[in-house]
Amino acid sequence: MTYDFHKIEKKWQAAWKKKGQYSAKDQVKGKDNFYHLVMFPYPSGNLHIGHWYNFAPADVYARYMRMQDKNVMSPIGFDAFGLPAENAAIKNGIHPEKWTMKNIKMMRTQLESMGNSYDWSRMVVTCLPDYYKWNQWLFLQLFHKGLAYRKKAPANWCPNDKTVLANEQVVDGKCERCGTDVVKKDIEQWLFKITDYAEQLLNDLDKLDWPERTKLAQKNWIGRSEGAEIDFAVKGLKEKIKVFTTRPDTLFGATYMVLAPEHPLVANLLASQMKSEKALPAGRQGIANWGEVEKYIAATKKKTDIDRLAEGKEKTGVELKSIKAINPANKEEIPVFIADYVLSTYGTGAIMAVPAHDERDIEFARKFNIPIRYVIDPVTGSPQKNPAEKDKIVALVENAKGEILTINWGANAGGRLLIGGTVESGEDIVKTAKREVLEETGYRNLKLIDVSKERVHHQYFSYNRNKGFLAHTTLVYFRLENNEKDEQVLDDTEKGKFSVEWVTKDQVRKEINESLHRYTFDKFIEGTAYSGDGVLINSGKFNGLTSEGAKGKITEFVGGTTKVQYRLRDWLISRQRYWGTPIPIIHCPKCGEIAVPEKELPVKLPPLKDFKPADDGRSPLARNKKFLHTKCPKCGGAAERDTDTMDTFVDSSWYYLRYVDPKNKKRPFDPLRVKKWLPVNMYIGGAEHTVLHLLYSRFFTKFLRDIGLIKFDEPFKALRHQGIILGPDGQKMSKSRGNVIDPDKLVREFGTDAVRTYLCFMGEYSKGGPWNPTGILGAVRFLERFRKFFENYNPKKKDSDKEIQPLIHKTIKKVGDDIASFQFNTAVSALMIMLNELEQKPGAVGKSDFEMLAKLIAPMAPHMAEELWVSVLKNKPSIHFSSWPKYDAALTKENEFELVVQINGKVRDSFRVPIDITEAEAKKLTLEREVVKRYLAGREVKRVIYVPGRLISIVL
RNA sequence: GCCGUCGUGGCGGAACUGGCAUACGCGCACGACUCAAAAUCGUGUGACCUUACGGUCUUGUGGGUUCAACUCCCACCGACGGCACCA
């Protein structure tokens, strides 16, 4: 009998479809609902192996949950709006709708060939008016709540796709889709105020069963930071400059300010000056060098993010001459600059600059010769209990060649260090440093270059003196004048223990790890700022406080307020493209932005002949006069429709709700039906949507909760990602490389069940990896052997032999546990191990265990399992609605185990013993073993460790 | 630069809570069946030394803790992913 997998797979697919067995009812008596969801595909027209890797193991999980007696809903649909349809349409001259619908038809056939347990009756296609009507409706709900707003501001513009993009769609300054450099362009655009939900989006991550790295990526994307807003007065102006800072403790060190080039204050000053044609109004403070300032602003506008990155972060900027701000802490006048290293989109678009304690500020300050004032003493080392205090120095000595003087204690005794020492009572700092250099190295002619303005408070434990110290260390920087040397002055603990070496700066960079010495080098040679916490100095009455303690106090002192800032920006949803949901807004010259009345929804996408994007940033819809011109719903006057379409991520932000009630004509969904299914129990898809779809969906859910449509605040309780399958060459699959694996071909050759099984088996699900062209043969052979084993089925033999019980029950447990935890590879492996064993004892398996075997393989190979279930075991379909076999915990245990004997940590022997052997018995048997005797001959046993059920370890 | 994940045979990978590293599969070699080949079945397969019995080494590198380390600690190297002038 040959097994025609094509025929059988087709047969069962047709049978399941006819019966509609995967169409989920909203309620089934005695069963809990389980919403199982995969990320719906974009209808590109071709189901690739990546889709398979997402959907096939996901279906294994769904089928397993169904056999756990859940009422499983596993819907599918198409994310059908978007650029590729348009681009393909432009290229091939077909209408995007035609192209899309044709692809959907094709992909549906491909999807059906997978044999997944999809509920096709709930299919959602986002480009159809009965879906996007509700996009528009939801837009209007956001609009009414003030959460959808329009604004003109520099947006990310892709010159190739000729549309604006959301922040999330710009990757490394390039368009996520086509890789073109994104430029800034001023356009009126619609945004959703996702930032209102920043706090909730951050906090609620904690309660999600999501991969940690995904949660972390969202956390970073939202980017919460705590700080203060502080006003700086400007001499001669009413306006104040508000800054956001996370380090109010460093306020006394703020020696200048920087405004973003787009900061409104600059624009205002320039505007008032232009009106008066350079001449400033009497008594009014202005910008003396306004021409230069304007030029810089213009230059900034032209730059793309790529340009800015390409400049290697070299700081540029222009001072606003004759403008002075007042540092509110010490009332000092400080200069004000504009520079593009300050972003207009973050905080207040202005900063106080503290060069001594900020990397970026020190770089800028050096370039523009701005004073650097130290206000934080670093604290290094590890805290000690009641440390003894003393003053110390660290000396950095550089010679004419630029080499650094070090002493090397060797790898096991402290490694490479600079010169350090203790200040003796009454001794001067510089003198101490010179003395220490002389004593340890003999060099005596040193020229002082610099002494640090701050001291480093270093805590450490001295093993020599067995006690903790707190050393207040001053850093001293010398240049060696000449090589004249005296004798070293060393004590017994030092003699011959270290060598004096001149080394290059690179070597210092690599080899000096000791924190204090490292810091000395970084400060003088690398010129880096200290951005860590510490103790305040040069800060008036706040001296001596810790950074943490000073933050609140200084903020209060200058009348600032504490403030939480987020990195997250509002979600820009306007697209100047054709193939998307029209924005349901009418622009009336009298009434402004007016919502299209709900009764008039959907605003249908007009059939357009020319849907190419325009260079001027206007949507193609603007060219359709019939669409464009309308009446204002409020005043009845002539008005224009908004001609932008929505980002397709709007569509996918709520599709999982529509699946529950896909044909509802009155509302996006019936809340009562939603209540039965949501939140989604298990969501499976790629990790590439971490800060896009997965964030937006969470935002939509929270909004829908706030307007009372739903009662939960997170859409996806659990989330799992599949990895990416690479080509056989280990490279990303691409047509140009010719390493693309075609799943349709695999199905023709090996059958759906084999492809599914191999995808499960090939490796860790979330990891992916290269495709092994011969690897699938393993799955093919395994399924064939599995099926053949059923030739041993004897309906008269009721129960299995006792000896195979542990194997069978262990396997039931293992396969179930593994599928539940997405370890599909080891689930398949366990089945292989079981089959290998059973093939040795073909007659040992009874009727009920044959049924069990079919059930265990049913999630992976649903067609073959159903065939065995019906044709061989003579059961009624369908195996997929039978219950997963229960294992008997008592039977999973073997009654013997292999006791391993280790002698001095090495395995020397092993033998089988009863599982309940006592320690004494095990020891006795071990010592009687010939091999063991041989090793023990004439030696004393020091220790014996017995680990029940595992091993016995003898130490000689 | 910061944050995160991960490094195990020729390859994909397994290993519970520190307890026989390399399960399972691919590939390869040999054998059986065959006129022959494919398919199938059987045996072997980390490296090195050894005729053999057996021994030594091995989970990115170097150190440490332990009777025992892929697993824990420290330092480093490499790959991948996220963020990146975010004040």
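Note that the coordinates shown come from a computational prediction; the quantities given were computed from them, not determined experimentally. Below, chain A is the first sequence line, B the second, and so on; all start at residue 1.
- Residue A:Arg224 forms a side chain to side chain contact (heavy atoms under 4.5 Å, CB included) with just one option from A:Gln565, A:Glu199, A:Arg567, A:Lys219, and that option is A:Glu199.
- The nearest whole Å value for the distance from the CZ atom in A:Phe789 to the C1' atom in B:rC41 is 16 Å.
- Taking atom CH2 of residue A:Trp210 and atom P of nucleotide B:rU5, one finds them 18 Å apart after rounding to whole Å.
- For the P atoms, the distance linking B:rU56 with B:rA69 amounts to 15 Å, nearest Å.
- Taking atom P in both B:rU65 and B:rU71, one finds a spacing of 15 Å when rounded to whole Å.
- The residue A:Phe824 sits apart from the nucleic acid: no heavy atom pair falls under 4.0 Å.
- Backbone-only engagement by A:Leu777 is indicated by non-hydrogen atom pairs under 4.0 Å involving sugar-phosphate atoms exclusively.
- At a threshold of 4.0 angstrom between heavy atoms, the contacts of A:Gly775 are confined to the sugar-phosphate backbone, with no base atom among them.
- Heavy-atom nearest nucleotides on RNA chain B were determined for A:Phe244 and for A:Gly905, and the one closer to the 5' end corresponds to A:Gly905.
- A:Ser547 meets the side-chain contact (heavy atoms from CB on, under 4.5 Å) test with A:Arg247, A:Asp249, A:Ile376, A:Asp533; sequence neighbours excluded.
- Nucleotide B:rU59 is matched to nothing when pairs are restricted to Watson-Crick or G-U wobble geometry with both distances under 3.5 angstrom.
- Taking atom P on both nucleotides, B:rG54 is separated from B:rU45 by 14 Å, rounded to a whole Å.
- Residue contacts shown for A:Asn836 are limited to sugar-phosphate atoms, with no base heavy atom under 4.0 Å away.
- Screening A:Thr811, A:Asp818, A:Asp817 for a side-chain hydrogen bond (donor to acceptor under 3.5 Å, both in side chains) involving A:Lys814 leaves a single residue, A:Asp818.
- Using a 4.0 Å heavy-atom distance criterion, A:Arg934 is classed as making no nucleic acid contact.
- Each of A:Ala779 and A:Arg785 was matched to the nucleotide of RNA chain B holding its nearest heavy atom; the match closer to the 5' end belongs to A:Ala779.
- When heavy atoms are screened at a 4.0 angstrom cut-off, A:Arg224 is found touching no nucleic acid atom at all.
- When both distances must be under 3.5 Å, the Watson-Crick or G-U wobble mate of B:rC35 does not exist.
- Nucleotide B:rC85 has no partner under the Watson-Crick or G-U criteria, as no pair reaches both atom distances under 3.5 Å.
- For the pair A:Arg213 and B:rU5, the criterion of a side-chain N or O lying under 4.0 Å from OP1 or OP2 is not met.
- For A:Lys942 against B:rC67, no side-chain N or O and base N or O form a donor-acceptor pair under 3.5 Å.
- Comparing B:rG27, B:rA87, B:rG25 by their nearest atom to the side chain of A:Tyr346 picks out B:rA87.
- Annotation: B:rG13 and B:rA23 have their P atoms spaced 15 Å apart (nearest Å).
- The separation of B:rC26 from B:rC76, taken at their P atoms, amounts to 42 Å, rounded to a whole angstrom.
- Atom CG of A:Leu899 and atom P of B:rA68 are 18 Å apart (whole Å).
- Under 4.0 angstrom from either OP1 or OP2 of B:rG25 there lies no side-chain N or O belonging to A:Arg781.
- With B:rA87, B:rC85, B:rC24 as the candidates, the nucleotide lying closest to the side chain of A:Ile351 is B:rA87.
- Between A:Arg569 and A:Tyr346, the closest side-chain pair of non-hydrogen atoms falls below 4.5 Å.
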Item to complete: Any chance you could list the contact pattern along nucleotides 10-23 of chain B? Use B for base contacts, S for sugar-phosphate-only contacts and - for none, protein heavy atoms under 4.0 Å, 5' to 3'.
Response: --BSS-B--BB--B

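- The listed nucleotides are B:rA84, B:rG55, B:rC57; the one nearest the side chain of A:Lys906 is B:rC57.
- Checking B:rG78 for Watson-Crick or G-U wobble geometry (two distances, each under 3.5 Å) identifies B:rC6 as its partner.
- Glycosidic conformation, B:rG63: anti, with the torsion outside 90° of 0.
- Going from atom CG of A:Asp522 over to atom P of B:rG1 covers 13 Å, rounded to whole Å.
- Annotation: B:rU59 and B:rG10 have their P atoms spaced 13 Å apart (nearest Å).
- Judged by a 6.0 Å distance limit and a 45° cone about the ring axis, A:Lys315 is not positioned over the six-membered ring of A:Phe364.
- For A:Tyr935 and B:rC67, the OH to C1' distance is 17 Å, given to the nearest whole Å.
- For the P atoms, the distance linking B:rU22 with B:rA47 amounts to 14 Å, nearest Å.
- The partner of B:rC67 is B:rG19, by the rule that a Watson-Crick or G-U pair needs both atom distances under 3.5 Å.
- Following rounding to the nearest Å, A:Lys315 (NZ) and B:rC85 (P) show an atom-to-atom distance of 9 Å.
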Item to complete: Could you walk me through whether A:Asp522 and A:Thr528 pass side-chain hydrogen bond (donor to acceptor under 3.5 Å, both in side chains), step by step?
Response: CA-CA 6 Å; A:Asp522 285 350; A:Thr528 54; 4.6 Å; no

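- Nucleotide B:rA29: paired with B:rU43 (Watson-Crick or G-U wobble, both distances less than 3.5 Å).
- Across B:rA87, B:rC85, B:rC83, the shortest atom-to-atom separation from the side chain of A:Ser225 is found for B:rA87.
- Searching all strands for a Watson-Crick or G-U wobble partner of B:rC24 with both distances below 3.5 Å returns B:rG12.
- Rounded to whole angstrom, the span from the CG atom of A:Asp249 across to the C1' atom of B:rA87 amounts to 13 Å.
- Separating the CD1 atom of A:Ile776 from the C1' atom of B:rG27 is a distance of 16 Å, rounded to the nearest angstrom.
- Residues meeting the side-chain contact (heavy atoms from CB on, under 4.5 Å) test with A:Ala329, sequence neighbours left out: A:Leu251, A:Phe252, A:Asn327, A:Val558.
- The aromatic ring centres of A:Tyr519 and A:Phe521 sit 6.0 Å or more apart.
- In the model, A:Arg785 has a side-chain atom that pairs as donor or acceptor with a side-chain atom of A:Asn836 under 3.5 Å.
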Item to complete: With side chain to side chain contact (heavy atoms under 4.5 Å, CB included) as the test, would you mind laying out the steps for A:Val354 and A:Thr245 before giving the verdict?
Response: CA-CA 10 Å; A:Val354 185; A:Thr245 177; over 6 Å; no

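- Taking atom P on both B:rU40 and B:rC49, the two are 35 Å apart, rounded to the nearest angstrom.
- Proximity note for A:Arg943 (side chain, C-beta onward) versus B:rC26, B:rU56, B:rC67: the nearest is B:rC67.
- Residues A:Glu212 and A:Lys215 are paired through a salt bridge, judged by an N-O separation under 4.0 Å between the basic side chain and the carboxylate.
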